[in-house]
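The figures that follow rest on heavy atoms only: side chains count, while hydrogens, waters and symmetry mates do not. When a residue number appears, it is its place in the shown sequence, counting from 1.
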Amino acid sequence: MKQKLIRGIRIFAGLFSLMGRCAGKSSTAYLLCALFLAVYPACSAWLLANITNAFAAARAEVWRWGVFYLVLLVLYHAVQAGSNIIRNTSIYDVCTSWCRQEFGKISAGLPLLAYEDSGILELQQRADECIEQEYLSQVYVRLINLITAVVSIGSVIGILASYHVMFCVIVPVSVLPFFLVKWISSRTVYRISRRQTGLRRKNKYLWELFFGKNSLKELQVMGSGGYLMRKWEDQQKALDQESWRCKQKESCALAGCGLIKLAGYVLAVLLTILLYRQSMISVGLVAACFTALKSAQDSMEYFLIDFGDLGEKMSVIADYFRYRELGTDDRIKTDRSEAALQELPEAVPEDRAGAVSEDAADVAFRRLTLKDLSFSYGNSGRILDRLNLEIRRGEKIALVGVNGSGKSTLIKLLLGLYPPQEGEILLDGKRIGEVSGYRKLFSIVEQDFMRYEFTLRENVAVSDLSRRGEDRQIYQALAEAGLPMEHHSLDEYLGKEFGQTELSGGQWQKLAIARAAFRGSPFYILDEPTSALDPQMENEILERFLGMIGEKTALIISHRIGICRLVDRVVVLDHGKIAEQGSHEELLKKGGVYRSLYLAQEQWYRRS
């Protein structure tokens, strides 16, 4: 219980700190407005009592009290309107926008290994839902309302207590069930929501299939749209039914709470009449008492409902703050990944990885050494098993192997995206985690390379945005990659989403190579970028690429062996280990794994 209280206080403190950063003046102004609205019921009741007594005594003061009351009423509505404007524009909108930006930065900065863990992905979705449903703003507003409600309720209860102490018992007891119902219901809703996170992720994926160009093409051709829609409907129905049952129970319970509240109000009215008949209060105080009773009950009801409803939202906000902490925790400790990841060695720090050297080609590099490198995903077997490899500057190496042999995983470790679980990677004898600007060594073209629906300029210069104004170099990179675009404007949008110029698959491929070339790094990595092309087109593109990079280092990953005749060394990966390495001719003579791969693909390359 003590730990939960401390955790709740930390969340409250974090929430107020966050609101102070993203909406400082607006949050202060909203608090002041809320405090005025809090004391309004007590002031209103006091003025009404004076008006009624003055009217009953036929005193001229009734006009003065009436003017005061009207001024207070005008101020109340003006402050309420201002409070609504501040809440809806400066708190809800600003906070949501600020948190969305922060969420994007945290997600972009997480180590790539985090996206292999379903626990982190589910935490990410709950944090995203916290932002999209504006829970942070809602809870902040409710906390302000709760603080002011205490002032409001305290002032009204103080007035009622001066009439009779029983009012202090009747009013709270008549509305207490609202809190109990909302608290129990909110905790139940959160447990359901957390349990359903995995299924909601699956359903979200299914829903997005109906809006993707590539997926829609296959759905329409294969006729599988109806099946997937029924699958989505069944899963959505299962999600909704559990939530609906919870809401139905809550609605019935709140209806019962309303009856208890009404009974409490009737009892308080009877007590008021009894006090008047016994001449314990005046006729003016009877009217004030009725007003104060209604105000106290309503304020306390809203207070208890809001307070009880905080259970679910505070749990979701706690998930948001847990996700924020991932951005400052290199080990990414979560409930599901802590045991697997807490002992991992240091990966390349993001601030160091993103450090920009004045010239990438000036980064010191003689050799890159992979020493006893091992890696596995979760409880699966080792993808890489005590692998040793040395890459010398200027070498052209082909890394080949069947699918699943560990080629792409090796590249992720080489780039510092994944930390090795065993062994180390050394750059000129120094651990890569200690090398500033390490990733500036590399230009990479991946199998699933990005097709940015941006301008031609941005598509190339996104690899080095500090040089996006160098038009001549951009055109040169395109030409070297085999995609001359001199007759196209660099500010012309590519793709059908926002522009008119659509490229073929091979042209997009060449554009990705131009992007890597424009970066000008001393080490190029191609991770099966031409796997979707036919062998002849693949050879054409890779030959052009090798001629383009000159004396720079290149590591080309492929499950095809056509490129192997053009490189200095072939490294064959098999079950996470280097099975053999050497030149194309040397490996054919050995008659090992490489020869088997070559014979299986020989007919693809006979013409070339």
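Residues S243 and Q196 have side chains in contact (heavy-atom distance under 4.5 Å, counting atoms from C-beta outward). Looking at F545 and M548, their side chains come closer than 4.5 Å, going by heavy atoms from C-beta outward. Using a 4.5 Å cut-off on side-chain heavy atoms (C-beta onward), V593 and E580 make contact. The closest side-chain heavy-atom distance from W508 to L494 is below 4.5 Å. With a 4.5 Å cut-off on side-chain heavy atoms, L373 and E422 do not count as touching. The shortest side-chain heavy-atom distance between L427 and L441 falls under the 4.5 Å cut-off. Contact of the E390 side chain with the K371 side chain is not registered, since no non-hydrogen atoms from C-beta on lie closer than 4.5 Å. Residues C130 and R126 have side chains not in contact (no heavy-atom distance under 4.5 Å, counting atoms from C-beta outward).
Here the closest heavy-atom approach between residue D319 and residue A127 is recorded as O-CB, 4.5 Å. The minimum heavy-atom distance between A516 and I444, with the atom names listed, is CB-O, 4.3 Å. In terms of heavy-atom proximity, I432 sits nearest to G416 at CD1-CA, 4.2 Å. Taking every heavy atom of both residues into account, L415 and R439 meet most closely at O-NE, 3.1 Å. The minimum heavy-atom distance linking T553 with G394 is given by the pair OG1-N, 2.7 Å. Smallest separation of non-hydrogen atoms from C246 and V189: SG-CG2, 3.6 Å.
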(request) Test Y205 against R201 for side-chain hydrogen bond (donor to acceptor under 3.5 Å, both in side chains), laying out the working first. (result) CA-CA 6 Å; Y205 168 75; R201 281 181 57 222; over 6 Å; no

(request) Decide yes or no on side chain to side chain contact (heavy atoms under 4.5 Å, CB included) for E129 and V316, but give the supporting numbers first. (result) CA-CA 8 Å; E129 290 172 355; V316 177; 5.6 Å; no

(message) Let's go through T197 and L123 carefully: what are the C-alpha distance in whole Å and the side-chain angles of both, what is the deciding distance for side chain to side chain contact (heavy atoms under 4.5 Å, CB included) to 0.1 Å, and is it a yes or a no?
(response) CA-CA 9 Å; T197 302; L123 181 64; over 6 Å; no

(message) Set out, in order, the CA-CA distance, both residues' side-chain angles and the distance that settles side chain to side chain contact (heavy atoms under 4.5 Å, CB included) for V462 and M450, then state yes or no.
(response) CA-CA 11 Å; V462 72; M450 290 300 298; over 6 Å; no

(message) Working note: D568 + I397, criterion side chain to side chain contact (heavy atoms under 4.5 Å, CB included); need CA distance, chi angles, decisive distance, verdict.
(response) CA-CA 6 Å; D568 303 320; I397 298 176; 5.9 Å; no

(request) Step by step, work out the salt bridge (Lys or Arg N to Asp or Glu O under 4.0 Å) result for E551 and R393. (result) CA-CA 9 Å; E551 297 301 316; R393 182 167 187 149; over 6 Å; no

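Under the side-chain hydrogen bond (donor to acceptor under 3.5 Å, both in side chains) criterion, R451 pairs with no residue at all, not counting sequence neighbours. Taking the side chain to side chain contact (heavy atoms under 4.5 Å, CB included) definition, one finds that K237 meets it with Q241, sequence neighbours left out. Remark: D372 engages R386 in a salt bridge (Lys or Arg N to Asp or Glu O under 4.0 Å) (not counting sequence neighbours). Contacts of S463 classified as side chain to side chain contact (heavy atoms under 4.5 Å, CB included), with partners at least two apart in sequence or in another chain: R515, F518, R519. For Q133, the side-chain hydrogen bond (donor to acceptor under 3.5 Å, both in side chains) test picks out Y135, with sequence neighbours left out. Considering only residues two or more places apart in sequence or on other chains, E102 meets the salt bridge (Lys or Arg N to Asp or Glu O under 4.0 Å) condition with R324. With sequence neighbours left out, R195 forms a salt bridge (Lys or Arg N to Asp or Glu O under 4.0 Å) with E242. Considering only residues two or more places apart in sequence or on other chains, S408 meets the side-chain hydrogen bond (donor to acceptor under 3.5 Å, both in side chains) condition with D527. Residues passing the ring pair (Phe, Tyr, Trp, His ring centres under 6.0 Å) test with F321, sequence neighbours excluded: none. Residues satisfying the salt bridge (Lys or Arg N to Asp or Glu O under 4.0 Å) criterion with D574, sequence neighbours excluded, are absent altogether.
Between the K396 side chain and the K552 main chain, a donor and an acceptor come within less than 3.5 Å of each other. The closest donor-acceptor contact from the side chain of D428 to the backbone of R366 lies under 3.5 Å. A donor-acceptor contact shorter than 3.5 Å links the side chain of S521 to the backbone of K440. Between the side chain of S107 and the backbone N or O of G104, no donor-acceptor pair lies under 3.5 Å.
Atoms CG and CD1, on L370 and I578 in that order, are 8.0 Å from each other to the nearest 0.5 Å. To the nearest 0.5 Å, atom CD1 of residue I557 and atom CD1 of residue I525 are 6.0 Å apart. Atom CZ in R457 sits 11.5 Å away from atom CG in L465 (nearest 0.5 Å). To the nearest 0.5 Å, atoms CG (L384) and CZ (F375) are separated by 8.0 Å. From I513, atom CD1 reaches atom OG of S443 across 11.5 Å, with rounding to the nearest 0.5 Å. Taking CD1 of I411 as the start and CG of L555 as the end, the distance is 4.5 Å to the nearest 0.5 Å.
The pair E585-R565 does not meet the salt-bridge criterion, since no charged nitrogen lies less than 4.0 angstrom from a carboxylate oxygen.
Under the ring pair (Phe, Tyr, Trp, His ring centres under 6.0 Å) criterion, the residue pairs touching residues 571-591 are H584-Y594, H584-Y598, with sequence neighbours excluded. Among residue pairs with one or both ends in residues 391-417, none qualify as ring pair (Phe, Tyr, Trp, His ring centres under 6.0 Å); sequence neighbours excluded.
Of the residues L478, V445, L483, the one that meets the side chain to side chain contact (heavy atoms under 4.5 Å, CB included) test with K510 is L483. Screening Q236, M229, K231, Q235 for a side chain to side chain contact (heavy atoms under 4.5 Å, CB included) involving E233 leaves a single residue, M229.
By the 30° and 60° cut-offs, the orientation of the rings of Y438 relative to F442 is perpendicular.
Taking the six-membered ring for Trp, F103 and Y320 have ring centres at least 6.0 Å apart.
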